[in-house]
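To start, the structure itself, in structure tokens.
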Amino acid sequence: MASLCTSIAHASSLPFDPSPRFRTHHSIRRVSFPRKSVFVCSAAEQSSKKWDKSAEESDDDNDEKRTNPVGFLTRLGITHKAFGQFLRERHKLLKDLRDEIFNRHVNLKDFSSGYELMGMHRNRQHRVDFMEWAPGARYCAVIGDFNGWSPTANCAREGSYGRDEYGYWFIIIEDKLREGEEPDELYFQSYNYVDDYDKGDSGVSIDEVFKKANDDYWEPGEDRYIKSRLEVAVKLYEQIFGPNGPEREDELEDIPDAETRYRKWKEEHKDDPPSNLPPCDVIDDGKIKYGDYNIITDPVWAAKFASKKPPLAYWQEIVKGRKAWLKKYIPGLPHGAKYRVYFNTPNGPLERVPAWATYVNPDGGGLQAHAVHWEPPPDLAHKWRFKSPKKPKSLRIYECHVGISGSEPKISSFNDFTEKVLPHIKDAGYNAIQLIGIAEHKDYFTVGYRVTNMFATSSRFGTPEDFKRLVDEAHGLGLFVLLDIVHSYSAADEMVGLALFDGSNDCYFHTGKRGHHKYWGTRMFKYGDPDILHYLLSNLNWWVEEYKVDGFQFHSLSSMMYTHNGFDTFTGDLDEFCNQYVDKDALNYLILANEILHYLHPHIVTIAEDVTIYPGLCEPISQGGLGFDYYVNQSASVVWSQYLENVPDHEWSMSKIASTLIPAREYVDNMLLYAENHSQSISGGQSFAEILFGDIKEASPLKEDLMRRGYSLHKMIRLITFSISGHAYLNFMGNEFGHPKKIEFPMASNDFSFELANRQWDLLDREGLHRDLFIFDKDMMKLDSVEKVLSRRPPDIHHVNDSTMVIAAVRGPFLFIFNFHPKNSYEKYAVGVGEAGEYQIILNTDDPKYGGERKIKDDLYTQRTIMRRIDGHRNCLEVHLPSRTAQVYKLTRIQRI
């Protein structure tokens, strides 16, 4: 029992667990009282669950009753036996995976917080702790400019480095006491390495601090409990277990809740004489907060409780600040130090950039890549000013790349983006930004999709503090911040990335062909390995905890969900989603990612980018789905590009457009649509503006007609894509004003030129084409911000006519009507509406301020319905439809019949 009590006494002073497994194998069992907590597993699911191993075991039957692995198939009336069996097998595999996880981790929160232990961390006991996972290494050391890049000199204290059975290496790098300084007297003397204060230099002795804390805080007779740390633990132990309690961990049983233990104690002591204990019941039921004394009826004791505050102020007297620490110690690893991890493997020594490094220089200035220790002083550390905005009911996403966001032919920085682009996004009416290429990548021309260091922001854009400032300022403007996260594959670089990390080919990735992308030359993660899941899930949590991002778009899910990387023909048959080419491990990773993210961060948004639209992407996890909030419908952009480049205007099919915009009515709410994203401009293609305006010659006699066509189609394509989308719409940076040129990142084929790796913001300062298109896009965003168009129920595309080339849709009180015909205008075109009354045009693509001709006269801006059954509705409007124009009507007055 003494050893167990000693463990309890020292539990709070343990500075660092030497392994993520330490808490399970070597420390005391974590004692917790069960409390119910509500969390969100996905956008469509809420459930009550306890996130630790014991709770999983005790609540297993209830979970099984709530879970139906084929629930969404049943709801949709799908009776595909093979796919149903596949979902059941995947669910069983997930249960087995959870069991394996809980054998090594306390709970799933712990499983996704590897960054709290892994990598480089400042410890309170005047040292830096480093942990790395390298199961194939025989020896591990941290080397860098702080120790002359030596694998032996000052890299670790003797006997404090080594590997556990899982391949985790632990290294201690000690700060050095300066000459003439004395070591601290107290074993728990600690330093605040963040704030620039030195309360420990007040001149008050330790004895005086303890005496004042004792006199002010403890009741008479209670001071004996602070004289011996071990006596406190023994008393606590005896109060919980009695004098003959368990002596070993395996004898520890479940502890009753606080109320049960209190009632039992009160019954045992009902005949005791009066004491100085409070004459009231104080039960910790998980609801009482500090400072809430309403349950105490005695005014004397209520006042006494109210005045009780933990003596933290006194403990601060012995906590010294950064200045005191730097005066007394030389940092073992100073801020800005360069370092790598050194492995001795069966195939020889290796020097690698640590997998968990948070700041990396991928090219090393012409030398080998290295990590940078990031421990900024208070004057450089970012101090957060704004909270994340409330999760929007609809997302108007502005997709952007920091490096190409400037006007000059160079790589723009985080600070440039913060100062110049964020105000434009706010002014344009968007409520969210989606950043691509943020994680560190060695080669700039890959746009950031061949990630080498997943925990590091790209050093070419600035420091981690600069990125924090960007996110903070975005939040201050009310903008939601999303990251385009690449967990579907990884860069194949060996000197800076994860390939052959510990000298073996299967440390992070599959071996053989399965470990390589079929076409892109990237490496594929083995998602069934708990250590890989630990790494990837922790990475997601890291971006939220450290940088306060509000969500993720998961890039190219088809690359990871299928062994053929999505490069196969898909007809939509369910057999294609449950055959031998589908990776169950990858699907279970996505389930865990959504489950953990929505549990830890209820405001989070997750978006699935999957060209195959895998069944159940946005369905609840408990019903066999993957739990995403939105999925990206990429088909619309493909159709628009195909029509603009290859199909004459008069041959456009309205039926194909309508069916592409809403492919499956069950998932409209969760659909994110865009007319064009970064792919059209970056992936060797052309932006729509370049297609529409790029070939128009100044001296051409058809210039005016071609310009009018370009103006009209650019606006109409955006408006119909925006209005028919679910609750989310996306636009790539610059396309809102019709950026006239494509994007080319510097590479060998263009002699590493930056000429096309920027945005021409100066076009907005001139009157004409680009400013007109921007004004239209801004008013289109206002439709949602003011009228809440996207947050309304899904649209009803009730009128599709291929001969007249007219499409009409109703969404709430709004009628959207589009005439794509290149020549024909219609004087009184009848379109059905749901409500009888008066309708008024609130947006007209032919308005002169948008570069139009305003062929609709003022007296036609307001229309009244007439009773005629059209398009399945009892009432209709007869509207004027000029060719290649679109209007938005709003019901302003309802006619009662």
Side-chain angles (χ1 to χ4, degrees), residues 9-18 22 116-117 119-132 139-162 169-210 229 312 314-342 354 357-359 370-381:
H10 288 277
S12 61
S13 64
L14 282 176
F16 192 85
D17 293 343
F22 183 86
E116 294 180 355
L117 296 176
M120 198 74 71
H121 293 279
R122 164 62 56 188
N123 190 284
R124 297 178 67 184
Q125 294 188 344
H126 325 315
R127 74 189 201 212
V128 174
D129 296 326
F130 176 81
M131 188 181 291
E132 188 58 86
Y139 172 82
C140 179
V142 175
I143 60 175
D145 58 1
F146 67 96
N147 65 359
W149 299 97
S150 167
T152 56
N154 304 319
C155 68
R157 190 172 59 203
E158 184 65 30
S160 65
Y161 57 88
W169 294 86
F170 180 56
I171 297 172
I172 295 176
I173 304 171
E174 293 185 316
D175 299 333
K176 298 174 179 62
L177 196 66
R178 295 184 185 272
E179 186 176 352
E181 295 289 341
E182 296 293 330
D184 294 312
E185 298 179 2
L186 297 174
Y187 82 97
F188 52 81
Q189 173 69 64
S190 61
Y191 290 78
N192 186 311
Y193 299 96
V194 179
D195 297 327
D196 197 11
Y197 61 74
D198 295 299
K199 291 192 175 182
D201 295 334
S202 61
V204 180
S205 69
I206 296 299
D207 292 337
E208 290 176 306
V209 170
F210 280 147
R229 288 182 296 106
L312 296 179
Y314 306 113
W315 307 143
Q316 291 288 0
E317 291 292 338
I318 62 173
V319 175
K320 296 186 177 182
R322 176 175 286 270
K323 289 182 180 179
W325 165 58
L326 289 174
K327 180 180 178 182
K328 196 166 188 175
Y329 289 92
I330 301 173
L333 192 64
H335 170 62
K338 304 172 184 177
Y339 70 95
R340 288 192 288 268
V341 61
Y342 174 95
T358 58
Y359 193 39
H370 56 258
V372 179
H373 180 54
W374 196 253
E375 189 184 355
D379 56 326
L380 294 181

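In what follows, residues are counted from 1 in the order of the sequence shown.
- Ring planes of His126 and Tyr329: parallel class, angle under 30° (limits at 30 and 60°).
- Of the inter-residue distances, the one linking Thr358 atom OG1 with His121 atom NE2 reads 8.5 Å to the nearest 0.5 angstrom.
- Heavy-atom minimum distance, Tyr139 versus Pro151: OH-O, 3.0 Å.
- In this structure, the separation between CG on Leu333 and CZ on Phe130 is 10.0 Å, given to the nearest 0.5 Å.
- Among all heavy-atom pairs drawn from Pro334 and Phe146, the shortest one is CD-CB, 4.1 Å.
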Report the C-alpha distance between Val341 and Trp169 in whole Å, list the side-chain angles of each, state the deciding distance to 0.1 Å, and finish with yes or no for side-chain contact (heavy atoms from CB on, under 4.5 Å).
-> CA-CA 11 Å; Val341 61; Trp169 294 86; over 6 Å; no

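- For Pro377, the side chain to side chain contact (heavy atoms under 4.5 Å, CB included) criterion is met by Arg322, His335, Asp379, Leu380, not counting sequence neighbours.
- Among all heavy-atom pairs drawn from Ile143 and Ser150, the shortest one is CG2-O, 3.0 Å.
- Looking only at distances, no side-chain donor or acceptor of Arg340 sits under 3.5 Å from a matching main-chain atom of Trp149.
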I would like to know whether Asp175 and Trp325 meet side-chain contact (heavy atoms from CB on, under 4.5 Å); could you show each step before the answer?
-> CA-CA 10 Å; Asp175 299 333; Trp325 165 58; 3.2 Å; yes

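- Closest approach of Glu174 and Arg127 over heavy atoms only: CA-CB, 4.0 Å.
- For the atom pair Lys338 NZ and His373 NE2, the distance stands at 15.0 Å (nearest 0.5 Å).
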Step by step, work out the side-chain contact (heavy atoms from CB on, under 4.5 Å) result for Ile330 and Glu181.
-> CA-CA 11 Å; Ile330 301 173; Glu181 295 289 341; over 6 Å; no

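- Looking at every heavy atom in both residues, Ala141 comes nearest to Ile171 through CA-CD1, 3.6 Å.
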Begin from the C-alpha positions of Tyr342 and Val142 and carry the test side-chain contact (heavy atoms from CB on, under 4.5 Å) through to its verdict.
-> CA-CA 6 Å; Tyr342 174 95; Val142 175; over 6 Å; no

